[in-house]
Every structure is written in structure tokens, then in C-alpha cells.
Amino acid sequence: MSHSNPVSQIDLLAVDGPLPPGLIYQPDFLAPDEEATLVAAIKNLNFTAPTMRGVTANRRTVHFGRSYEFDTFKLGDAPPLPDFLEPLRECAATLTSRRPEEFMETLVTEYRPGAGIGWHRDAPPFGIIVGISLVAPCTMKFRPWPVVKSLGRRTKPLAKVLEPRSVYVLDGDVRHRWQHSIPPGDALRYSITFRTLRG
């Protein structure tokens, strides 16, 4: 796993302009063989589709450490982090100068072709977000929250392509003052998300 200095938001490829402060992106965080090993293990996980307000999502997920219950908006317990994800959590923690054990919740998500995720901010109980993309690229879009309107129209979202084996960090403004979304893709993709808990 690469430990080179992550690229700041100033150096990111922005589709519509500079990206939100607090966003860090690093391509090639994983080597191709590391990605292949992770994907092989991930395919053996027991994924389920989350349900929110009676609607079943088109993506599938697995929680470790802690879970978030959409019906009650509360944290729950989840199975412990599997051994194959421990080294990755340690590397994710290095990016944020935090201890690995501070990332108490891990979410593995399977995005099948046509699956995405709508506009949202990660649930309030969580703090720093570190995400790793696997297998296929996707576009992550960003917009201020509350949604800003200009001349009667919503501000055009900013966007960043997340390449396979890349990592991003959401902290500060981009974590708390911006929403993000991922439009449906045309290829299978996995993501691994590590999250700290707010004090």
C-alpha cells in the first residue's frame, strides 16, 4: 500500500471548479495485486440491501464494528472487523494521523451496474470518513448543504472521478457542510469506508 503524501484538494481534477475544503484524494493507494486480494475476500462477504423509509436500496452492504440503523437513526453493533481488512484500516488511519482503533465502523459496499447513492451527508454519529474504491471508477459529486440556489437555480455540483485503488478523505467542511452522491455506474464496483465516531 502506498504511503506517499496524499494530493490536496487544490491538485484534484475538478469537473466544475475547485472542490470543497477538507477533501483529500490519493490515486494508486493500493497496488493491483492488493486490490485483487481484497476483492477476492470481499466476494465471500454476506451482503444485504439496506432499507430506508421502506425503500430498499439498489446497492448492497456489510457493516463491521458498528452499524447505523436507518429506521431508528441510531448506532448498532456489528461483527468485528475481519483480519483481511485490518492492514487497510491501519493505512487509512495513517492518512488522517489517527489511531486505527478510532475507525470503529467499517462499511463495505457493492455497487452493481446501475447502482448508485443519492445526495446525503454521512450520518451525524460519524466523524472522519476514509473511502477506498475498487474495480471500477465512479464519479463523486458534491454540493453545499443547505443547498444553495443562484438566480432561482441550484448551484451546479462539483465532481471528482474516483479511480480504482484510490482513496479519499472527507473531513472538515466537506464532511459537515457539503453533501455528496454517486450516480449509477455501468460496471461492478466495490468500496470500503472507514469512519470514526464523533465524541
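- In this structure, the side chain to side chain contact (heavy atoms under 4.5 Å, CB included) partners of S133, at least two apart in sequence or on a different chain, are L162, S166, R189.
- Taking 4.5 Å as the limit, some side-chain heavy atom of L75 sits within range of a side-chain heavy atom of Y68.
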Evaluate the side chain to side chain contact (heavy atoms under 4.5 Å, CB included) criterion for residues L19 and Y25: first the C-alpha distance (whole Å), next the side-chain angles of each, then the deciding distance (0.1 Å), finally the verdict.
-> CA-CA 11 Å; L19 292 184; Y25 175 80; over 6 Å; no
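- To the nearest 0.5 Å, atoms CZ (R112) and CG (N58) are separated by 10.5 Å.
- The salt bridge (charged side-chain N to carboxylate O under 4.0 Å, His left out) test with E105 singles out one residue from R195, R66, R198, and that residue is R195.
- Here the side chains of D171 and T96 are not in contact, with every heavy-atom distance at 4.5 Å or above.
- In this structure, the side chains of R121 and Q179 come closer than 4.5 Å at one or more pairs of heavy atoms.
- Note that the CD atom of E110 and the OG1 atom of T48 stand 10.5 Å from one another [nearest 0.5 Å].
- Atom-to-atom distance recorded for E35:CD and F29:CZ is 13.0 Å, nearest 0.5 angstrom.
- A 6.0 Å sphere centred on CG of D83 holds no more than 12 heavy atoms belonging to other residues, nucleotides or ligands.
- Looking at every heavy atom in both residues, Y111 comes nearest to S191 through CE1-OG, 3.7 Å.
- Across all non-hydrogen atoms, the minimal contact from T61 to L107 is CB-CD1, 3.6 Å.
- No donor-acceptor pair under 3.5 Å is formed between the side chain of T106 and the backbone N or O of F64.
- What you find for L85 and L38 is that their closest heavy atoms are CD2-CD2, 4.0 Å.
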Side chain to side chain contact (heavy atoms under 4.5 Å, CB included) between V62 and N46, intermediate numbers included = CA-CA 7 Å; V62 182; N46 295 318; 5.6 Å; no
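- Closest approach of P183 to T139, counting heavy atoms only: CD-O, 3.1 Å.
- Contacts of S67 classified as side chain to side chain contact (heavy atoms under 4.5 Å, CB included), with partners at least two apart in sequence or in another chain: H63, E69, A78.
- Note that CD1 of I132 and CZ of R165 are 13.5 Å apart. Values are rounded to the nearest 0.5 Å.
- No cation-pi contact links K160 to Y168, judged by a cut-off of 6.0 Å to the six-membered ring centre and 45° from its axis.
- In this structure, Y190 and L45 have side chains that are not in contact, with every pair of non-hydrogen atoms separated by 4.5 Å or more.
- Looking only at side-chain heavy atoms (C-beta outward), T109 and I117 stay at 4.5 Å or farther from each other.
- With a 4.5 Å cut-off on side-chain heavy atoms, F194 and P100 do not count as touching.
- Contact record, F47 with V108: CE2-O, 3.6 Å, taken as the closest heavy-atom pair.
- Using a 4.5 Å cut-off on side-chain heavy atoms (C-beta onward), L170 and F142 make contact.
- A side-chain contact (heavy atoms from CB on, under 4.5 Å) with V169 holds for exactly one of I129, V174, L23, I24; it is I24.
- Two residues are said to be in side-chain contact when any heavy atoms from C-beta on lie closer than 4.5 Å; D122 and R175 meet this criterion.
- To the nearest 0.5 Å, the span separating CG on L134 from CD on E34 amounts to 11.0 Å.
- With sequence neighbours left out, the salt bridge (Lys or Arg N to Asp or Glu O under 4.0 Å) criterion links R59 to no other residue.
- No single ILVMFWY cluster, assembled from side-chain heavy atoms under 4.5 Å apart, contains both W119 and F126.
- A side-chain hydrogen bond (donor to acceptor under 3.5 Å, both in side chains) with H180 holds for exactly one of H120, K141, R143; it is H120.
- Of the inter-residue distances, the one linking R89 atom CZ with L81 atom CG reads 5.0 Å to the nearest 0.5 angstrom.
- What you find for F103 and A93 is that their closest heavy atoms are CE1-CA, 3.7 Å.
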